[in-house]
Protein chains: 2
Amino acid sequence: MSRPADTLEAPAPPSPPRFAPVRAEPAYRRVALAISERILARTLRDGEPLPTETELAAQLGVHRSTLREALRELESHGLLERRKGSKRLVVSRPAPEAIARGVSRALALQDVTIAEIYEALLVLMPPLAEAAARRRSAAELAAIEAAAARFATVAGESAPGASASTGSAVAAVGAFFRALAAASGNRALALMHEPLLQLLQRSLILMIDRAPNARARIARAQRELCAALGAQDAGSAADWMGKHVRDFRRGFELAGIDLRLRVAVA
Amino acid sequence: MSRPADTLEAPAPPSPPRFAPVRAEPAYRRVALAISERILARTLRDGEPLPTETELAAQLGVHRSTLREALRELESHGLLERRKGSKRLVVSRPAPEAIARGVSRALALQDVTIAEIYEALLVLMPPLAEAAARRRSAAELAAIEAAAARFATVAGESAPGASASTGSAVAAVGAFFRALAAASGNRALALMHEPLLQLLQRSLILMIDRAPNARARIARAQRELCAALGAQDAGSAADWMGKHVRDFRRGFELAGIDLRLRVAVA
DNA sequence: ATTATCGGATTGTCCGACAATTAATGCCAG
DNA sequence: CTGGCATTAATTGTCGGACAATCCGATAAT
């Protein structure tokens, strides 16, 4: 486009019989690509601070504004992050929940239904529990049990209908699943389960106070799962997880929530 | 901070006992959030063109450069897209492959291993095949069969080692899985399978020419899967998909590729 | 009606500037 | 010589404005 030292430009190509690709990408995209390639190739390793904007813009031969547009793209993909209270951007590996948030949004915008999320959970969670039972460390087990304990506390301390506790009960459910996923030793499965969980949580807020016994049933399932994980009983863990997930479905039905409704997102 | 009776301090705020959040987010992020909320809330529906940059910047009370940074973020998440050869940005639902690319990158940067991808595929794909067998339409079945036919052609036409065809064979494998996922009727599962597929494809490039019979075994599995899908035999579909996935593992082993290697990404 | 032409609108990119904040530096006391 | 504090330099966030290339819509020519 408008570049500084563009000398005389002949409108017609002189002789080359071959044509260059007509569709040139804008500079901000090429810049983003160039930087992300370096990150992917580990030339820039995570934790490493990026050069200053002025410096980087000079190196890449673009204006700072242009560079900035590229940086926003990388930042939003989690390839760059700003450490708390610091100015400089540093290279980082994307945080799972940030990635998952994007996936959640995509699913929500695609009008995915609660039924689809339920089905996916039914596919994913039992194997996750199985893997966790087989591979969990002592510390991971402790974390899972702590999450279960917290749910029990939160869920027990209030009569059904006390909406103040709804949020923390749902959050505790999330914490339990996350701890379990972390213990599975499979980051691909863990990452994939995260968006489902995020979407489940949104719907759970509506369900947990309307389905009688929902809290009690969840607490029960968590206890059984903890026991299975403690005993490293993969079969039982998978089994109980299956029951647990199916219970969610029952909860939605009892609460009168149509499973064909599309999921909401934060 | 809180001193007892320090009456001499003049700069203390006069009356407001409440403080605003200290950590204000930059404008470009607030702007991005504001716009994305509208999109999520369907106030801006997909296909709808965004106002011009000048206009939008004015409405939001920020400079065009600032707005632009926000737009790049939304664009990179697939919430906005530029229709081919057009200038204006239009609201859009994120394309699955774009989302999946972000997930793939995240997994690769997290040093996820081939073994983890394999395990995830083993969890995900058989239920996907099962769902596809149950719900596939005639058109979807045709698409799957077409993909299988293409793989057979590509895989058969060249002697093993002809690296020219490697790329198209791998692409055909991808097309087959994608067609199958699309027929599953579960967009959550389909979206989650996509990053696994992307990563598998990268590794397949290395494997398919080094593992004897890889092509033939893949073709066989695809034929059997097509038969099961055609007969709407969910059990058989799940079964063959399981074998198919396990075959990939065998292929890696035969090719001498360590499953503990981390996956690569485009 | 179809195509060629023209002017205005819009995007991509750049230049430059400045306040607020963070990082760096130098200075003084212990 | 080291630790703490004040001052200065550097960096980011945001803004105003500019301009070429391109796209869009309308109008004129075939």
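These figures come from a predicted structure and were not determined experimentally. A, B, ... follow the sequence lines: proteins, then strands. Residue 1 opens every chain.
At least one side-chain nitrogen or oxygen of B/Thr66 sits closer than 4.0 Å to the OP1 or OP2 atom of D/dC15. For B/Arg82 and C/dG12, the shortest distance from a side-chain N or O to OP1 or OP2 is below 4.0 Å. Contact between the side-chain N/O atoms of A/Arg68 and the OP1/OP2 oxygens of D/dG13 is found at a separation under 4.0 Å. Residue B/Ser86 has a polar side-chain atom (N or O) positioned under 4.0 Å from OP1 or OP2 of D/dC24. At C/dT13, none of the side-chain N or O atoms of A/Tyr28 fall inside 4.0 Å of OP1 or OP2 (strictly under the cut-off).
If you take OG on B/Ser104 and CD on B/Glu194, they are separated by 7.5 Å, rounding to the nearest 0.5 Å.
Using a 4.5 Å heavy-atom cutoff, the side chains of B/Leu124 and B/Leu196 are in contact.
Comparing D/dT22, C/dC14, D/dG16 against the side chain of A/Val62 picks out C/dC14 as the nearest. Considering only the side chain of A/Ala27, C/dT13 comes nearest among C/dT11, D/dT12, C/dT13. When distances are taken from the side chain of B/Arg88 to each of C/dT10, D/dT11, D/dT14, the shortest belongs to C/dT10. Taking the side chain of A/Glu53 as heavy atoms from C-beta on, and the options D/dT12, D/dC23, C/dC14, the nearest nucleotide is D/dT12.
Heavy atoms from other residues, nucleotides or ligands lying under 6.0 Å from CZ of B/Arg42 number more than 12.
One interatomic measurement links the two molecules: NZ of B/Lys84 to C1' of C/dT11, which rounds to 19 Å at whole-angstrom precision. For the pair A/His63 NE2 and D/dG16 C1', the interatomic distance rounds to 12 Å; values are reported in whole Å. Per the geometry, CD belonging to A/Glu25 stands 18 Å off P belonging to C/dT11, to the nearest Å.
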Inset, instruction - Given salt bridge (charged side-chain N to carboxylate O under 4.0 Å, His left out), test B/Arg187 with A/Asp111 step by step and report yes or no. - result: CA-CA 9 Å; B/Arg187 285 155 297 179; A/Asp111 298 327; 5.9 Å; no
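For A/Ser92 and A/Asp46, the side-chain atoms include no donor-acceptor pair closer than 3.5 Å.
With hydrogens and angles left out, the side chain of A/Arg64 and the base of C/dG16 share no donor-acceptor pair within 3.5 Å.
When the nearest nucleotides of DNA chain C are assigned to A/Lys87 and A/Ser65 by heavy-atom distance, the more 5′-ward of the two goes with A/Ser65.
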